[in-house]
Amino acid sequence: MTAPLLSVTGLVTEFQTDEGLVRAVDGVSFDLPPGGTLGIVGESGCGKSVTALSIMGLLPRPNGNIRSGEINYHGEDLAAADNARLQRIRGNEISMVFQEPMTALNPVHTIGRQLTEVVALHTDQTPAEQIRTAVAMLERVGIPAPELRMTEYPHQLSGGMRQRVVIAIALICEPRLLIADEPTTALDVTIQAQILDLISALQQDFGMAMIMITHDLGVIAETCEQVVVMYAGQVVEQGSVFDIFDRPQHPYTQGLLRSIPKLTDTPKQPLDIIPGMVPSLHDLPAGCRFANRCQHRTAECDHAGLTLETVTDDHSVRCLKWRQL
């Protein structure tokens, strides 16, 4: 059996805030094989992006810290790596596409400068070779007149073009792992589809693994092989994309799937929603964190310490009542 390219085990990430210590990621574990695609899905604030920032070593210091756990990348624990080592890995072996391209790009540097800077940092190419590499990468991500775009600034490009530039920067050194953090959130529907198709095609071309972070289950279904469902900092269910969509076991996963609009819905038919609110990370319940929103809640759910239970070899769920659902 192939060893995982990335293995996250018991990851706990905390932030020091004015109101006290907040545990944004609480015991997250998953494996990603070489060339595989893993989706992380959940509501805003569930810990998806913090998980990605923990892997990349980009937590805001000194307030954000990995309290415990391992991030094993190709046999090396990134949670214990120093900043110099992480700088050599970031952008070279592991890259990230951020959800808002205007903030991901430096507004005072040209597109060409931002592309060649990455190449200069991680390779021994001459300045002329760096420019050729950057132009070729822009062309590869579907940007017309790449030589002209090299001289332009981010504000001169459309949102879709900026996101293509961000993808080009992430992939210019041909990383082994790409983390895409809601890469289509700020784009209109037509451009979203183009960007997702581009990312999928480039993943195949480069043979790289990918973590797709999103709140859109449609994106998960289209792009991913494995799925991790997060809620209030914890993994509540994980398994293959077929298990999660065909046989969801956790009430939260079931609620997410019910809330997707269907082609058979009438124009005036209200959307199915999950009632209630996500609990505050400053005041998490002792038992199930989804209990206050769950229609299957019992007194036991409010107090029992929950762990992930095995449904099948490739499917697990954090719920006391999953067998009765």
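The analysis underlying the following values was restricted to heavy atoms, covering all of them including side chains, and did not include hydrogens, waters or symmetry mates.
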### Query
Would one find more than 12 heavy atoms of other residues, nucleotides or ligands at under 6.0 Å from atom CZ of Arg113?
no

### Task
Measure the CD1-CD distance between Ile274 and Glu43 for me, rounded to the nearest 0.5 Å.
6.0 Å

### Task
Report, as yes or no, whether the 6.0 Å neighbourhood of atom CG on Asp124 holds more than 12 heavy atoms from other residues, nucleotides or ligands.
no

### Query
Are side-chain heavy atoms of Leu306 and Val236 found at a separation under 4.5 Å?
no

### Task
Measure the CG-CD1 distance between Leu178 and Ile211 for me, rounded to the nearest 0.5 Å.
9.0 Å

### Task
Specify whether His155 and Tyr153 have parallel, tilted or perpendicular ring planes, treating 30° as the upper limit for parallel and 60° as the lower limit for perpendicular.
parallel

### Within 6.0 angstrom of Arg67 CZ, more than 12 heavy atoms from elsewhere
no

### Query
So, Gln203 versus Thr37: side-chain donor-acceptor pair below 3.5 Å or not?
yes

### Query
Roughly how far apart are Ile195 CD1 and Thr184 OG1, rounded to 0.5 Å?
8.5 Å

### Message
We want to know whether Glu182 and His215 form a side-chain donor-acceptor pair, criterion being a heavy-atom distance below 3.5 angstrom.
### Response
yes

#### Entry: Within 6.0 Å of CG in Asp313, more than 12 heavy atoms from elsewhere
no

### Message
With heavy-atom distances below 4.5 Å as the criterion, would you say the side chains of Val235 and Ile40 are in contact?
### Response
no

### Message
Under the rule for side chain to side chain donor-acceptor pair (under 3.5 Å), what residues qualify as partners of Arg297, not counting sequence neighbours?
### Response
Asp302

### Query
Side chains of Met212 and Leu38: does their closest heavy-atom pair fall under 4.5 Å?
no

### Minimum side-chain heavy-atom gap Gln234-Val28 below 4.5 Å
no

### Query
More than 12 heavy atoms of other residues, nucleotides or ligands under 6.0 Å from NE2 of His74: is that the case?
no

### Message
Is the shortest side-chain heavy-atom distance between Val241 and Ile244 below 4.5 Å?
### Response
no

### Query
Looking at Phe206, does the NZ or CZ of Arg140 lie under 6.0 angstrom from its six-membered ring centre and within 45 degrees of the ring axis?
yes

### Summary
The reported gap from CD in Gln16 to CG in Asn65 (rounded to nearest 0.5 angstrom) is 9.5 Å

### Query
Hey, are the side chains of Val12 and Ile66 touching, using non-hydrogen atoms and a 4.5 Å cut-off?
no

### Query
With a cut-off of 6.0 Å (strictly less than), are more than 12 heavy atoms of other residues, nucleotides or ligands near CD of Glu139?
no

### Query
For Glu237 and Tyr231, does a side-chain donor sit closer than 3.5 Å to a side-chain acceptor?
no

